[in-house]
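All of these numbers come straight from a predicted model, not from anything done at the bench. In what follows, every chain begins at residue 1, and chains take the letters A, B, ... in the order their sequences are listed.
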Amino acid sequence: MNAPADPATLADPLVIAGNPYCSRLLVGTGKYRDFSQTREAIVASGAQIVTVAIRRTNLGQDANAPSLLDTLPPSEFTYLPNSAGCYTADDAVRTLKLARELLDGHALTKLEVLGDANTLFPNVRETLKAAERLVADGFQVMVYTSDDPIIARELEQIGCVAIMPLASLIGSGMGILNPWNLRLIIEQAKVPVLVDAGVGTASDAAIAMELGCAGVLMNTAIALAQDPVRMARAMRLAVEAGRDAFLAGRMPRKLYAASPSSPTSGLIS
Amino acid sequence: MTFEITVNGAVERLPARPATVGDLVRALNLTGKRIAIERNGEIVPKGRYDETVVGPNDRFEIVAAVGGG
């Protein structure tokens, strides 16, 4: 079972393609030691949406070997199949159509089209092409992209249900490198904007949420932590704290006009 | 006599030629597994495995969901 959601998160759901989710943390399922650690960490994260990749099945493997879908039953989690590893719109569309068939017509999907094997930077031209074809085919597309506000706007105009700019390179753990661009994307978007990629530790997730992101998607920051289950919990708390701080509205920054928190009168002399 | 068929980019040798995609799934011990199948680049819907005939030069892709981010 997922960690019980507190009333504050129930009253402020993340809505993607019309569906409400209590958790604003979305997690990947890769790079864990084994399925048991995968499950334990994901349950600790409180995530309801989990990403999966689509790969050629191992032929000749034990027919009774457990699968990811046994570990994380689709009845318990919302699957977000991705097109990770695809470098062309054709390959991405083909992969996501297979994913839809595999998941019995499930339309929610994470589009990612890469442009470079070293940096895993997205190829936005191919991403735009694939997004058009997928949206026309009835997919609900959550799209991984660069932090370019113009491209983000075009992806939204195509009909993507969520825009997911990188905070820094996939798997880098470098954190939020360009908060200004993320702010521009968030302020113009009418669909949820989620940071996808680059979060390294809990404070990065909190910063993303304080900027006004609707959610954060991460994998490596949890899976490659020394203690993934504990980091998963930290990320859950950071996303919730960051969201609350965003909604609460931070105090204005004042460089010099220091304002003491204690009374200035009544001091002993 | 064995039958050679291209699955996931490699040649698989089966004891006999599968008449349908359903036979192929059974021959590869994938019955009941969560998979999706492409035959010559076209998806074969789950409900049509037993009515989709396997041709001599067909190429298949069989995929599953795995961990990923």
Legend entry - Between CD on residue B/E61 and CD1 on residue A/I54, distance to nearest 0.5 Å: 13.0 Å
Legend entry - chain B interface, residue from A/P81, A/G30, A/S67 that has the most non-hydrogen pairs under 4.5 Å: A/G30
Legend entry - Point-to-point distance, once rounded to the nearest 0.5 Å, from CD of B/E38 to CZ of A/R94: 4.0 Å
Legend entry - Per-residue contact mode, A/L103 against chain B (heavy atom under 4.5 angstrom): both
Legend entry - Heavy-atom donor-acceptor pair, A/T29 side chain to B/G68 backbone, under 3.5 Å: yes
Inset, instruction - Taking B/K46 for its side chain and A/L102 for its backbone only, find out whether a donor-acceptor pair lies under 3.5 Å. - result: yes
Inset, instruction - Kindly compute the distance separating CD (A/E101) from CD1 (B/I35), expressed to the nearest 0.5 Å. - result: 9.5 Å
Legend entry - A/K110 versus chain B, the contacting section by heavy-atom distance below 4.5 Å: side chain
Inset, instruction - Give the member of A/N219, A/L69, A/D70, A/T51 that has the highest number of heavy-atom pairs under 4.5 Å with chain B. - result: A/T51
Inset, instruction - Step through the shown structure and confirm whether more than 12 heavy atoms of other residues, nucleotides or ligands are within 6.0 Å of CD on B/E12. - result: yes
Legend entry - Note, B/L30 side chain near A/L59 side chain (heavy atom, < 4.5 Å): yes
Inset, instruction - Could you tell me which portion of A/L98 (side chain, backbone, both or neither) has an atom closer than 4.5 angstrom to a non-hydrogen atom of chain B? - result: both
Inset, instruction - Could you walk me through whether B/K33 and A/T57 pass the side-chain contact (heavy atoms from CB on, under 4.5 Å) test, one step at a time? - result: CA-CA 10 Å; B/K33 290 274 159 194; A/T57 191; over 6 Å; no
Legend entry - Shortest non-hydrogen contact between A/A53 and B/G67, atoms and distance: CB-O, 4.1 Å
Inset, instruction - Determine whether more than 12 heavy atoms belonging to other residues, nucleotides or ligands lie under 6.0 Å from atom CZ of A/R100. - result: yes
Inset, instruction - Identify which part of B/I62 has an atom lying under 4.5 Å from any heavy atom of chain A, answering side chain, backbone, both or neither. - result: both
Legend entry - Non-hydrogen side-chain atoms of A/D104 and B/R34 separated by less than 4.5 Å: yes
